[in-house]
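The structure appears right after this line, and notes come after that.
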Amino acid sequence: MLLLGLSCLLLHVFVVFGTELTFELPDNDKQCFYEELEKDVKFDMDFQVISGGNYDVDCFVTDPQSNVLYNEKKKQYDSFSHTTTMKGVYKVCFSNEFSTFTHKTVYLDFRHGDEEPLLRSMTGNTALTQLESSCVSIHEILKVVADSQTWYRLREAHDRTKAEHLLERVTFWSIGETVLLFVIGIGQVVLLRSFFTEKKGSVAATT
């Protein structure tokens, strides 16, 4: 079984072309990524804001002639697919220029090209051997596992950031309540002492 898994892993090398990254996007800033693609190549893009502000960001994609292929404002997450009509450098930009004091953390997954078969001999009309069928099955399962791991990792990061922000708010609120209680307590003591001071002064005056 181990030998079969290693064989499938070796067959899977250099099959998928893509970029997966997580980057910081400062407030009032914009970051762009560039990819040179051939004509008639399909590319897919997924992005999600993990932390920062309202978890939203502006995103747009342009072709080599600066034609806008995709343009969305204040999106928390989205996906986009396109087949190129010309060869050149395609640009993917994320903008946080509408935010003046909160930076964002953005996850980006960019894939291009059609997935090649695990073996060159694999075609639609070719019968697969038991080893090849097992490799294909393992390959499909590994893709599902990888996608699930990515989804859980993003959800964990998103939830952790929300929990940290909630903890920060609760901490500040608790400190504020504590200070307010001390101020009220000191004020009550001072007020009560002033009552007794006035009474002592009035008694001394009558005697």
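Since the structure is predicted, the reported quantities are computational estimates derived from the model, not experimental observations.
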*Does any non-hydrogen side-chain atom of Thr22 lie less than 4.5 Å from one of Thr105?*
yes
*asked:* Within the 4.5 Å heavy-atom criterion, are Lys74 and Phe98 side-chain neighbours or not?
replied: yes
*Between CD of Glu164 and CZ of Arg169, what distance do you get to the nearest 0.5 Å?*
13.0 Å
*If you round to the nearest 0.5 Å, how far is OG of Ser99 from CG of Asp29?*
11.0 Å
*For Asp63, what residues pass the salt bridge (Lys or Arg N to Asp or Glu O under 4.0 Å) criterion, not counting sequence neighbours?*
none
*Where do Gln48 and Asp109 land on the side chain to side chain contact (heavy atoms under 4.5 Å, CB included) test, with the steps shown first?*
CA-CA 9 Å; Gln48 179 177 344; Asp109 184 13; over 6 Å; no
*Decide whether Leu21 and Tyr34 are clustered together by the hydrophobic rule: side chain heavy atoms of Ile, Leu, Val, Met, Phe, Trp, Tyr closer than 4.5 Å, transitively.*
no
_ILVMFWY cluster, Met45 and Tyr77 together (side-chain gap under 4.5 Å)_ = no
*Treat each ILVMFWY residue as a node, draw an edge where side-chain heavy atoms are under 4.5 Å apart, and state whether Phe43 and Val89 are in one component.*
no
*Out of curiosity, Leu69 CG to Thr62 OG1, how far, rounded to the nearest 0.5 Å?*
7.0 Å
*Closest approach of Val41 and His112, non-hydrogen atoms and distance?*
CG1-CB, 4.3 Å
*Between Val49 and Phe23, is there a shared hydrophobic cluster once you connect ILVMFWY residues whose side-chain heavy atoms come closer than 4.5 Å?*
yes
*Within a strict 4.5 Å, meaning less than it, do heavy atoms of the Asp56 and Lys104 side chains meet?*
yes
*For Asp27 and Thr100, run side-chain hydrogen bond (donor to acceptor under 3.5 Å, both in side chains): C-alpha distance rounded to whole Å, both residues' side-chain angles, the deciding distance at 0.1 Å, then the answer.*
CA-CA 6 Å; Asp27 53 278; Thr100 56; over 6 Å; no
*ring-ring contact (aromatic ring centres under 6.0 Å, His included): which pairs involve residues 45-76, sequence neighbours left out?*
Phe47-Phe94, Tyr55-His158, Tyr70-Phe80
*Sequence neighbours left out, what pairs pass disulfide (SG to SG under 2.5 Å) with at least one residue falling in residues 145-188?*
none
*Any side-chain heavy-atom pair of Gln31 and Pro26 under 4.5 Å*: yes
*Verify same cluster id: Leu108, Leu37 (apolar side-chain graph, 4.5 Å)*: yes
*Restricting to pairs with a member in residues 37-88, which pass disulfide (SG to SG under 2.5 Å), not counting sequence neighbours?*
none
*Specify the closest pair of heavy atoms between Glu72 and Asp78, including all atoms of both residues, with the distance to one decimal.*
CG-OD2, 4.1 Å
_With rounding to the nearest 0.5 angstrom, report the CZ to OG1 distance, Arg111 to Thr19._
11.0 Å
*asked:* In the structure I gave you, are the side-chain heavy atoms of Ser79 and Asp46 within less than 4.5 Å of one another anywhere?
replied: yes
*What pairs meet the disulfide (SG to SG under 2.5 Å) rule with one or both residues in residues 142-176, with sequence neighbours excluded?*
none
*CG/Leu166 to OG1/Thr171 distance, rounded to the nearest 0.5 angstrom?*
9.0 Å
*Just how far is it from atom CD of Gln149 to atom CD of Glu156, taken to the nearest 0.5 Å?*
13.0 Å
*Would one find more than 12 heavy atoms of other residues, nucleotides or ligands at under 6.0 Å from atom CG of Asn71?*
yes
*Would you list the pairs meeting side-chain hydrogen bond (donor to acceptor under 3.5 Å, both in side chains) in which at least one residue belongs to residues 80-92, sequence neighbours left out?*
Asp44-Ser81
